[in-house]
Every structure is written in C-alpha cells, then in structure tokens.
Amino acid sequence: MDYVKKYDPGYFSFVFAFKACISLVISCTAAYYIFDNRVPAILAAFGGLYVFFLIFTLSPASPRKSYILFFIVVSTICAALFTFLAQDALTGKLYDILWLVIPIIALSFIVGMSSAYSMELYRVMASVMMVALVACLYVEAKVPLTTEQIVVSMPLGALVAMFFTFFSFTPHKIYGRYIRTHYPLILNHCMLMVKNIQDQNIYRNERQEALALISTLKRVLQSKTGYLKNPYAIKNLQRAVFYIYRIEDLTLSINNLHEYTSKEGLNPKLKKELMYNLMQLSDIFAGHIPKIESKELDIFLKEKATKYNPVQIDALKILYLKIKIFSKPFNATGSTQDGGIAPFNVLKAFKVSFKSIGWRNEVYRFSVKYSLAVTIPLVIATTFDLYRGIWMCFGVVATIRPSVGGLQSSGKDYIVGNVLGAVIGIVVAYFTHDTAFFYIFLALSVFFMIYSRVYPSWLATANLVFALVLFYSLIYYHDYLEFVLQRFIDVITGFVIAIAVFWAIWPRYSYNTLFAQFKKQINELESMTTLLQDGITKGSIDCSLLQNKQSEFLDRNKEIRSIIKESKHEKRFFWIVQESENVMSVLDSILMHINELTNFLSTSMKEGKDVHLCINDLNVIKFRFDMIHNLMTSTPHYFKYDANDKLLIVDDKYFSWMIKSIFDSQDELYTIASRYMNKIDR
C-alpha cells in the first residue's frame, strides 16, 4: 500500500484505468457492431489505448486536447498509408522494401525533429510511429484489413477514449475526500523529519518521500484543472492546491531548521511540541480545528535562547509562524489558478523543426540516428527473409533516448520488464489455459496495462508484456512459447542495434547535458532574487510566484539526479559526476537561504519595517549569479571581490548572515565552474 500511495496518491490512476476499460468496451462493441468483424474492434481498442497512454505522458501544462486531436488525425492517416505500402514491401525483395523503408525513414526523421518544438509533440509523434509499425504488423501477419476499417475504427476508439479522459465523472466531493485521506500522510513525513532531525539518513529519506509525494500530488491536481466544470469540484480542487503549497512551504521551513540543528540538536521539549503541532494540522483535513501550542517555544525563548545560535532561533520562529499560518482557514478568493496554456500551432512546429536542420544541431543529429536505428533492422530482417523486422523496430522505438547513458538505462528497465512479464505470462497461460481463470487474468492484464503507466518503467513494461503473452497464447497456443521467445529476441536485437547506432554516430553522453541543466538552475535562483527585489520596491512580495519557482527548481533537481544516474552508466569523465553532487548540494543550500529570505522579508514588510537597504545586497547576489552565468557561457565576467566591500551592514544580523551564506555558496559554484571551463579549454 505504501508503494501504491507513493505512485498513485488518491487512487486517481486507478479510477482513470477503470474508466479506460469502460471506454474500450464501448468502442470495441461499436466497431464490432459496425463491421461485424473482430479486427476493427481491435483497431478501436488500439486507438483508445494510445490516447490513454498519451494522457499519462503529456504535461498538464501543455494543450493536451489539441495534441490528442492531432494524434488521432495523423495516426489514422499513417496507419492507412503504411498498410497500403507494406502489402508489396514485405516480400523479401530489396527493391520492394524501398517502398516501405523510405517512408519509415521520413517518418522517423520527422519524429526526431519534432522534439525541436516540444517534448510533448515528440511523444505524440513517437506514438504515431508505433501506430505505423503496428499497421505493418497487421500486413506482415496477413490479417485482412481495409482502409475503411482503419479510418472508422481507430478514430472511433480514440474519440471515445478522449471523451472519457477529458470529462470528469467523479463526485464533486472527491477532492475533499482526497485531501482528508492523503495530505496527513505528508504531514506524517514532516513529523518524522522533526523527530529524526539529527539522524541524517532517516531525515533525508523522510524529506525525499515528502517532496516526492508533494510533487506527485501537484501534478495530479494540475492535470484536473482543464476540464472541471462543476463549481463544487472546482472549489475543492482549489482547496487541495492551496493546502499542498502550504505543506510544501512547511516542509522547506523544516529543512531550514534542520540546517542549523543537525549537529547540536533540538531541544527535546521543543521537538515534542513541534511534532504535536504537526499532528494537530492533520485534524484540519478531518474537519476539526487544530489546537496549536507554543508554550515550550515561549519558555525556550525566555530562558534558553541566549545559549543557542541566533540563526537557529530565527529558523525556529519561522517554522512556528508557518504552522500558525497553515492552521488558518482556506479562503477560495485568495486561491488563484494559472490557467494559461500555450496553444499548439502546427505551422509553428513545422517552422521550428525546419530551422533546426543543421549539421551541428543536436536535434538534427538525434533525428538522423533515430531514422537509422529504426530502419536498419527492418532492411536486414526483410532482406534475409526473417519477417521479424517490424518487431525489431519496436525494440528500437520503445527504448530510444537521446543520450547513450539514457539509452542504456531505459534498455535495462525494458529488458527487465520484458523478462518478468514474459515469465509470469507463460506461467499463467500454462496453468490457466482454456479455463475461466484465464479470461479473468486477461481482463485484469488490460486494466493493469493502463494503470501501471504511473509506476516505474520496468513495471509498466512487465504489465504490457504480460498482457501480450496472454493474447499470444489465446491465438497461437500450440506454439506460443516459441512465438514469445522470438519476440523477446527481436526486441533485444532492436535495442542492441539502437545502442550501436547511438554509440557509433555522433555519440551524445548524459554528462554533457548537466552543464546546461545547472545553468537553468542558476538562472532560476537569479530570477527568484529579482522577484525579491521587485517585491521590496512594490511593497509586497509575491510569495506564491516564488513558491512556484521553487517547485520548478525542485522538479528540475529530480531530472538532474536522473541525468547523473545515466552518466554513471556511461563510465566516462566520472569526475564531472562527482562535481555534480557538490553543485547539487550548493544549489540546494542557496535555495534554502532564498526561501528564508522570502519568509524574513515578507514578515518584516508586514510588520512595517523598512527593508529598502536590503535591495543593495540582493542586487550584489543577483549580479554574482550573472557573472557565474557569463563564466559558463564564455562571455566577459568579473567575480572575485571581498564581500565587505560590496555588502551593506544591515541592522538585522539574520539577514546579513543569510546573504553572506549565499555569497559563500556562490564562491563555491564559481570555483567548480572555473575548473570545468578550464578542462573544456584544454
């Protein structure tokens, strides 16, 4: 259950998969009724499945409806076209295969170039590629298929799926129940963070669990904003989003406190009171009023605070303040949703992709390698009359990644999933064939094939292969073991060919992308500093906007850790991976201090204090971020100077300490970046 709560909080994906199965039954039944044939019913299911798969992969901030409609149109055209082309091409003759190879080269090149516009468009086009390959499989298996069946059945299944996907059929109270049952889980992680504030290993695990769950919850909630119409559901959704950001703010404040108490520890009575208050906050989601206590804090401040670091005292005060703010009731008028989604422009996508064609352009190089990796196995297999080239292409398309390390990592998960799914599928098919249990497992396999898409890729692949093995055994029971083994060999062969192509031609390594990601993080920190300056000038700091930027920063952190993991597979320039760990630590420290600055400045301004002198020090910090960026882009820069010559002596020692901490962290960043740039110059 802990595993389920981590990847499917609120069981939204479970409900989603259930709706998907209902959609597939409806579309399959309609297609079978229209054509009185099983093949169109399978096509309808296939079109619907890809719509559901795309929903899982497309970002909630993207124009998903436009992308889905685009997919329906383009995939239907490609399915009809490739069915026609494959009829004469898959004969084993080299001349005939060109009628299929050339269009596949063109389509796969377009798929690669689409990533120049956006990764969402690339995912859509990759799905179109899969549909085209499946159309070829139908022809290769000599399944009778007409153009009319394709242009009716696939859009039918896809449109029914789209209807079920973008219209909410859930009760309007679902988000109220959702936050009552799942938000206390994050607060429990926060409580354990306080409890284990000196135990580095346990603390980091609890913090990672809390932040990962917060990130998942925000993604789930944001994905619902586009199609809620019921006013009660909208209000409950706003309430859910409102509290998830408050919980994230609370988690970051606990992390600030940890920075100053991890060595000397926290007063036991204070720790107990903090844990009690966090438990009280959980009562909010059960409809109760929390009873927040600060008795031990008051005693501590009067009697013992002078013995402790003043920075720790301020961090403790901020955390108690956040707890009190959290306990205030939700106000729907104060919760705003940013619904601005950039529209999908086909013409612009074409122009951007066309302009990216260039010998040194990374997108162009990826597209060329993509085309070769997809086409080579098809030519080899068809030339030698193997009739398995399309399956090898599936192995390429399913595992392909821009970098060598990413390809190795995805390939490993893909192979593990294939082996696990195939073994379980063979065992289930052997013991349950021709019984009622077999059809129960078959129905469940379709459900979990959709549901498991939110889980790690190896588990999703295993469920997909498990479902395919059961289908194979249903159609080819007498030789399905041989059939499954051949398919496994095919996808492994495709993966090996993809590795060979991406390693031999313009190899791109994951470690090369780390530098660009770190530049984005530094720019993000600079923009946060600018927002603080603007907030002081305007007399009000936009804390919600700053919190959104902090969330984006933390999300990119996860992406960077994934890149570091991929870099370790490459076993090249391992020093940069070690440096990256140091950079991650420094950037996290700066983010923490900027979060503290936000709390400090916002509170000071509400209390009527004059903080305009702080603009100078913030401007120094911003300027130094600019200089680090200039260093990383090989443009003129000047960085080394004494902090005492630039920073003002602000009356508040806490503010001065935070600025000096960021200043010192910037020195560390500059030193690491300089070492990297020197190695590049050599």
May I ask you to test the [X]-[Y] pair for a side-chain heavy-atom distance under 4.5 Å?
X	Y	value
F366	M113	no
I590	L669	yes
V51	V160	no
M528	L591	yes
I522	L587	yes
K520	N523	no
L107	M125	yes
Q149	T146	yes

Test ring pair (Phe, Tyr, Trp, His ring centres under 6.0 Å) applied to Y117 - qualifying residues, sequence neighbours left out: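 Testing Y117 for ring pair (Phe, Tyr, Trp, His ring centres under 6.0 Å), a comparison that skips the adjacent residues, returns F344.
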
Residues that F46 engages under ring pair (Phe, Tyr, Trp, His ring centres under 6.0 Å), provided they are two or more places apart: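 Applying ring pair (Phe, Tyr, Trp, His ring centres under 6.0 Å) to F46 gives Y50.
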
If you round to the nearest 0.5 Å, how far is [atom2] of [Y] from [atom1] of [X]?
X	Y	atom1	atom2	answer
C78	I150	SG	CD1	11.0 Å
I594	F553	CD1	CZ	8.0 Å
C21	Y451	SG	OH	12.5 Å
Q517	M584	CD	CE	10.0 Å
L546	L531	CG	CG	5.0 Å
I55	I450	CD1	CD1	12.5 Å

Backbone of [Y] reached by a side-chain donor or acceptor of [X] within 3.5 Å:
X	Y	value
T375	L372	no
T530	E526	yes
S114	V111	yes

Between [X] and [Y], what is the shortest heavy-atom contact and its length?
X	Y	result
L85	P103	CD1-CG, 3.5 Å
S356	A116	OG-CB, 3.2 Å
P155	T76	CG-OG1, 3.5 Å
A31	L156	N-CD2, 3.8 Å
L631	S674	CD2-OG, 3.6 Å
R123	L54	O-CD2, 3.8 Å

More than 12 heavy atoms of other groups within 6.0 Å of F70 CZ: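 Buried by this count: over 12 neighbours within 6.0 Å.
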
Y364 versus S353, side-chain donor and acceptor atoms under 3.5 Å: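 There is no such pair between these side chains.
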
Side chain to side chain contact (heavy atoms under 4.5 Å, CB included) between S127 and F71, worked out: CA-CA 8 Å; S127 298; F71 166 77; 3.7 Å; yes

Partners meeting side chain to side chain contact (heavy atoms under 4.5 Å, CB included) with S108 (sequence neighbours left out):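 M129, Y370, S371, V374.
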
T147 and F84: CA distance, side-chain angles, deciding distance, side chain to side chain contact (heavy atoms under 4.5 Å, CB included) verdict: CA-CA 8 Å; T147 303; F84 172 75; over 6 Å; no

Worked verdict on I26 versus S23 for side chain to side chain contact (heavy atoms under 4.5 Å, CB included): CA-CA 5 Å; I26 293 173; S23 164; 5.9 Å; no

Derivation of the side chain to side chain contact (heavy atoms under 4.5 Å, CB included) call for M449 and F466: CA-CA 9 Å; M449 182 169 60; F466 173 67; over 6 Å; no

